[in-house]
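Worksheet: one structure, shown below.
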Amino acid sequence: MATADTDTPPHRYSAALAQDIEMRWQRHWDENNCFDAPNPAGPLADPAALDGRPKLFVLDMFPYPSGAGLHVGHPLGYIGTDVFSRYKRMAGFNVCYTMGFDAFGLPAEQYAVQTGTHPAITTAANVANMRRQLKRLGLSHDPRRSIDTTDPGYYRWTQWIFLQVFNSWYDTDAPARNGEGRGRARPIDELIAELESGTRPTPDGRPWATLTEPERRVVVDDRRLAYVSEAPVNWCPGLGTVVANEEVTADGRSDRGNFPVFKRNMRQWMMRITSYADRLIDDLDLLDWTDAIKTMQRNWIGRSEGSRVRFTSAAGDIEVFTTRADTLFGATFMVLAPEHSLVAALTTAEQADAVAEYRTAAAAKKDIDRQDATRTKSGVFTGSTATNPVNGQQVPVWIADYVLTGYGTGAIMAVPCGDQRDFEFARQFGLPVPAIQQPPQSWFDERSIEPSLDTSTWPEAFVGVGTYVQSANDDGLDLDGLTSIEEGKCRTNEWLSARGAGHATTNFKLRDWLFSRQRYWGEPFPIVYDEHGPIALPDTDLPVLLPETDSFSPRTFDADDEFSNPESPLDRLDWWNEVELDLGDGLRTYRRDTNVMPQWAGSCWYELRYLDPTNENAFVDPVVEEYWMGPQADTAEGKHHPGGVDLYVGGVEHAVLHLLYSRFWHKVLYDLGRVSSMEPYYRLYNQGMILAAAFKDEREIYVEATEVDERDGGFYFEGQPVTREWGKMGKSLKNAVSPDEMYDAYGADTLRLYEMSTGPMDASRPWETRDVVGMYRFLQRLWRNMVDEQTGEISLGGPADDATIRLLHRTIDGVRADLDNLRVNTAISKLIELNNHLTKQGRCPADVAEPLVLMIAPLCPHVAEELWAKLGHTESLIRDPFPVADPALLVEHTIELPVQVNGKFRAKISVAADAPDDVVGAAALADEKIQTALAGAVPKKVIVVRGRTVNIVA
RNA sequence: GUCGAAGUGGCGGAAUAGGUAUACGCGCUAGCUUGAGGUGCUAGUGGGAGAAAUCCCGUGGGGGUUCAAGUCCCCCCUUCGACACCA
């Protein structure tokens, strides 16, 4: 630890000096509003300051203001965006860069339940503490733009956007707003107008005029993008609330709290995100995101192209979804999910007991058990058959729990010869397995069996591409002899459509978004109910303030009490939820909606509010939105730029939830003409995580990581051996390191450099406190090269020699390229190399000092400002131009070339940079070491790679 | 199981377009400074052989392409992440 004592020079760059410098410059930036970014219009407008500068919108995923405050793992991304923002500001950009807080959510509410402290009070205190910690890092945020999702001035617009969604419907036939393709959200009034005029029929065909008012309400409400629905939801008694599919873990428990979750039918708010499924997938192509994240979103939405096929039965038509309609001739049985609505009607008397028993058993199973693919197939015959449309065969109908209600139609046709699960099922229950494709010879060879269409000899289903056999009927469908699956599907679909037995379709895994929560600390819905259903409150009634109470928790139940019913904290507030309003037909009593919105709501649009945070007339001024987020020039590949934030940095953990919901809201706003951008986040960058060592004792309990000693390759806590693992920093692993400790020991500039230097931004890396000193030493050497440690005065050397100037320009060139591509770690190593070169010379040459300080500035802004001032400048350097390399100084006259003999490095030669290949080759051959290495052998070939190497083949 | 990302010194990591593997930092070793420790500074530091010059081996493993492979191709192993009976 660096403590100044008697023999330390008075003006050494010590932790104390660093802190002094940092506090002074942070105050200076604050008092002079240095990071205010002007808008083109509205309260933050300063059109003159825009001055033709290109815009850049840099965004961090905003944090939840946790009571524990920041640890050093949090700011990795923030430091990265700050370095980038500062660099771009110096490169002439108008940079919008700020920070807000996603402050609704469970922890503050649970804390309130325990202590009685109102969540608003806890939240305000936590936000203040996090603001202090972030400011101490020297982040160049525009403080005017900061928002907090719990501020009524903010959530008023969250409620307003909800009403936009509520008051919209999705018209699949309307031309897209950008003119490409069809489908867009339209105002609900336009739907009502079409129904009234009769241009659009009512669902059951009765004229609109003959419908009663309640009937009309139902027709319209059924089309809204936000709707109340009796739908299967995830009920979590332990939390006392429902949760979204996305918040349920793979083993059927709640993401928060880890309580069991049950599928139940309940009336809840839903958002029709499925209407946007195609666009949410297709528009990923327009975005500059990593393929990993795009793949995760695609998989989540889960689009699959296939067909719906109707099998007729005595109990009614059974519709199945299949991606392989071409295999219909091999479909020898059907399997329905145990919950399928036709099961009761299909079940015969003899099978009734078995079916009932199976259904009960399936219902009792947790999702986790039903999803175990390795267990043997189970199932029960219903006793009925259905008719295969292509060949009229009667196929038995079974139920089995491997067929899921929530996917497709909850029923499948089973093609045992071509699907491994169906194959196993058929084998187990002795069902026929006719072959419909001739597998190639190699398939049989690999399994060491004789080629045969007798599937009883097959060890498994054939899933490859083969020639169709036994796939024809006498009604015009004949696939025999075909080898193309595409062609097979296509012909089958045509045949099915022509006979009304099926059609091509697209199926999605994505479900509509469950949008209500039975909790307190969230945005209330701007909705009241009359006896017929929900009614939107007018804009003038916004915000609907969260009512005061001292009872914050929903009623929770025994975690396993599946049949309990939700009761939100707002339900109990009769004074609040009974309300007298005049909504157009006189003063009447209504009931308020007592749900609150999920935490995702506030984060679905915060980037837009950053742009125009004080606007009281709109969520964002369209002129301001278009300036910062509007589409830019087409990309190099000729793709249209969809608009959006220029750089969005955050962790992968939001790859599906936040990013999907946010894109959905943004697209609705786009369709309604409220924003000019089609997508919220044009470029997404996922930063890695900082991991820290955590230690467990023999009882598997975590011990305080700072108290663990390492010796002889082992780890010990209070003398007892402990085991090490790497994990996310935090309270639970007892391994958090606070940035405040680092400020005290080294200062913020050292912490910033350390976090940036340990690896590329997108990589996770372990935190090592003992490594931090390396960057501290670098700053000390940098300081000493320019400042006299005894007097504190600037002290530079004479003009730089040629080699130093050339190194400087190479450094400028490299640092620019690195920072442009967020390769901050290698930018730092180049700056250290330059500084190490200067250290060998004793002093920093006078003509190197300024460019060096400017290059350091985005990384460690405080020490850079201090040195800049010492160099005689009276203004802050935050808008001084970043140095530009002189191309002439990047070209070397003489270069050193490695020479290889048979691919092995043997010698270095020095040649003129522009020497022709034959001269370089001759010089290589003439080298003494090369002659030795050749040992008299005659070179067969001399390969000269310009400016790179010479290889002699002997 | 499927999909995705990644395996380079004791550690974190460098290596534009296939062209000197290990930049930069930590740690370690030696020396200077100091009463001592720390800080600071200087030099060295992939492994093996050798007094040295130098030589051999080295980017998870095995093959291949090439004058030349950490980088490209094929197979395998390991780690991490996501999804998971998706019809």
Side-chain angles (χ1 to χ4, degrees), chain A residues 1-5 7-9 12 14 250 290-296 298-300 302 304 306 320-324 327 335 370-375 377 400-404 406-415 419-422 424-425 507-509 652-653 655-656 713 726 753-754 757-760 762-778 780-781 784 789 814 817 821 823 825-833 836 839-840 896-908 929 932 940-943 945-954:
Chain A
M1 197 137 298
T3 45
D5 60 37
D7 53 343
T8 304
R12 169 158 293 172
S14 64
T290 60
D291 288 335
I293 299 289
K294 287 186 183 182
T295 305
M296 283 165 79
R298 283 196 195 100
N299 289 345
W300 189 265
S304 59
V320 303
F321 174 76
T322 175
T323 53
R324 294 292 303 275
T327 63
V335 186
R370 284 182 62 163
Q371 285 167 358
D372 182 1
T374 56
R375 83 199 159 90
K377 297 278 171 284
D401 61 8
Y402 76 88
V403 177
L404 312 172
Y407 185 76
T409 62
I412 62 163
M413 62 179 211
V415 183
D419 180 284
Q420 189 56 28
R421 276 169 310 159
D422 296 345
E424 286 168 24
F425 195 89
N507 192 54
F508 295 95
K509 263 195 271 187
V652 257
E653 66 272 21
V656 283
W726 293 95
L753 270 185
Y754 170 71
S757 72
T758 50
D762 54 2
S764 291
R765 74 293 300 268
W767 173 268
E768 288 283 7
T769 299
R770 71 174 184 191
D771 289 3
V772 179
V773 70
M775 292 301 118
Y776 181 62
R777 288 179 190 148
F778 161 54
Q780 279 188 337
R781 283 197 300 271
R784 193 179 307 120
E789 291 191 326
N821 293 292
R823 294 189 303 247
N825 55 328
T826 49
I828 292 172
S829 69
K830 288 182 176 77
L831 289 164
I832 294 176
E833 277 179 271
N836 286 351
T839 304
K840 289 202 183 78
E896 285 218 313
L897 280 189
V899 182
Q900 303 167 52
V901 176
N902 291 330
K904 277 189 202 286
F905 168 74
R906 293 296 172 184
K908 262 190 241 177
K929 286 179 182 161
T932 318
K940 291 199 195 84
K941 204 170 165 190
V942 177
I943 296 154
V945 186
R946 291 234 100 182
R948 283 283 181 194
T949 186
V950 181
N951 192 11
I952 298 165
V953 189

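By convention in this document, chain letters (A, B, ...) are assigned in the order of the sequence lines, proteins followed by strands, and residues within each chain are numbered from 1. Atoms considered below: every heavy atom in the structure, side chains included; atoms not considered: hydrogens, waters and symmetry mates.
- Contact record, A:V656 with A:M296: CG1-O, 3.8 Å, taken as the closest heavy-atom pair.
- Rounded to a whole angstrom, the distance from the C1' atom of B:C73 to that of B:G18 is 13 Å.
- Between A:N951 and A:K941 the shortest side-chain heavy-atom distance does not fall below 4.5 Å.
- Base orientation of B:G12: anti, the glycosidic angle falling outside 90° of 0.
- Contact between A:D291 and A:T295 at its shortest, heavy atoms only, is O-OG1, 2.6 Å.
- Both A:N902 and A:Y407 sit near RNA chain B, but only A:N902 has its closest nucleotide nearer the 5' end.
- Counting heavy atoms from C-beta outward, A:M413 and A:T327 have side chains that approach closer than 4.5 Å.
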Distances under 3.5 Å between protein N/O atoms and the N/O atoms of nucleotides 10-12 of chain B, please, pair by pair.
{"unit_1": "B:G12", "atom_1": "O2'", "unit_2": "A:T758", "atom_2": "O", "d": "2.8"}

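- Taking the C1' atoms as reference points, B:U29 lies 24 Å from B:U8, given to the whole Å.
- Following rounding to the nearest Å, A:N299 (CG) and B:C3 (C1') show an atom-to-atom distance of 6 Å.
- As rounded to whole Å, 10 Å separates atom P of B:C41 from atom CG of A:N836.
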- Query: Can A:V950 and A:V945 be said to form a side chain to side chain contact (heavy atoms under 4.5 Å, CB included), step by step?
  - Reply: CA-CA 6 Å; A:V950 181; A:V945 186; over 6 Å; no

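- A:Y754 pairs by the ring-ring contact (aromatic ring centres under 6.0 Å, His included) definition with A:W767, not counting sequence neighbours.
- The side chain of A:V403 sits closest to B:A87 out of B:A87, B:G13, B:C41.
- Distance check on atom C1': B:G1 versus B:A49 gives 50 Å, rounded to whole Å.
- Nearest heavy atoms, A:I293 versus A:V652: CD1-CG1, 3.4 Å.
- Here the separation of B:A23 from B:C72, taken at their P atoms, is 22 Å to the nearest Å.
- Spacing between atom NZ of A:K830 and atom P of B:G13 amounts to 17 Å, rounded to whole angstrom units.
- When side chains are defined from C-beta on, A:K509 does not count as touching A:W300, because their heavy atoms never get closer than 4.5 Å.
- Separating the P atom of B:G70 from that of B:G7 is a span of 14 Å, rounded to the nearest Å.
- Side chain of A:T839, nearest nucleotide from B:U42, B:C41, B:C85: B:U42.
- Taking 4.5 Å as the limit, some side-chain heavy atom of A:F321 sits within range of a side-chain heavy atom of A:S304.
- A pairwise comparison of heavy atoms in A:G759 and A:R765 identifies O-NH2, 3.4 Å as the closest pair.
- For the P atom pair drawn from B:U22 and B:A14, the interatomic distance equals 15 Å after rounding to whole Å.
- Taking atom CH2 on A:W300 and atom C1' on B:C86, their separation rounds to 13 Å, with Å as the unit.
- Using atom P as the reference point in both B:G4 and B:C76, the two lie 15 Å apart (nearest Å).
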- Message: Base contacts versus sugar-phosphate-only contacts with protein, heavy atoms under 4.0 Å: please encode nucleotides 15-21 of chain B as B, S and - from 5' to 3'.
- Response: --B-BB-

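- Distances shorter than 4.0 Å separate some side-chain N or O of A:N825 from OP1 or OP2 on B:A14.
- Taking 4.0 angstrom as the limit, A:R777 places a side-chain polar atom (N or O) nearer than this to OP1 or OP2 of B:G40.
- The separation between A:W726 atom CH2 and B:C80 atom C1' is 15 Å, rounded to whole Å.
- Dashed line: the shortest gap from a side-chain N or O of A:R298 to OP1 or OP2 of B:C86 is not under 4.0 Å.
- Separating the CG atom of A:D422 from the P atom of B:A87 is a distance of 12 Å, rounded to the nearest angstrom.
- Contact of the A:I828 side chain with the A:M775 side chain is registered, since non-hydrogen atoms from C-beta on lie closer than 4.5 Å.
- Across the protein-nucleic acid pair, A:I412 atom CD1 and B:C85 atom C1' stand 9 Å apart, rounded to whole Å.
- Residue A:S14 comes nearest to A:Y776 through the heavy atom pair CA-OH, 3.3 Å, listed as atom of the first residue, atom of the second, then distance.
- Between the P atoms of B:A6 and B:C57, the separation comes to 30 Å (whole Å).
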What does the list of N/O pairs under 3.5 Å between the protein and nucleotides 52-57 of chain B look like, with a distance for each?
none

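- A:R823 has its side chain within reach of A:N825: a pair of non-hydrogen atoms, C-beta onward, lies under 4.5 Å apart.
- Annotation: side chain to side chain contact (heavy atoms under 4.5 Å, CB included) contacts of A:P766 (sequence neighbours excluded): A:W726.
- You'll find that the side chain of A:R781 is closest to B:G25, out of B:C3, B:G25, B:C24.
- For B:A17, the base is syn relative to its sugar; the glycosidic angle is within 90° of 0.
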- Dot-bracket pairing map - RNA chain B, Watson-Crick plus G-U, both contacts under 3.5 Å, | cross-strand: (((((((..(((......[....)))((((((.......))))))((((....))))..(((((..]....))))))))))))....

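- Of the candidates B:A14, B:A87, B:C83, B:A87 carries the atom nearest the A:F321 side chain, counting heavy atoms from C-beta on.
- Scanning all heavy atoms of the two residues, the minimum distance from A:S829 to A:T826 falls at OG-O, 3.0 Å.
- Here B:C67 is the nucleotide among B:G40, B:C67, B:A87 with the atom lying nearest to any side-chain atom of A:K941.
- A:K929 places none of its side-chain heavy atoms less than 4.5 Å from the side chain of A:R906.
- The side chain of A:Y402 lies closest to B:C85 when the candidates are B:G25, B:C85, B:G40.
- Atom P of nucleotide B:C41 and atom CD of A:E789 are separated by 9 Å, given to the nearest angstrom.
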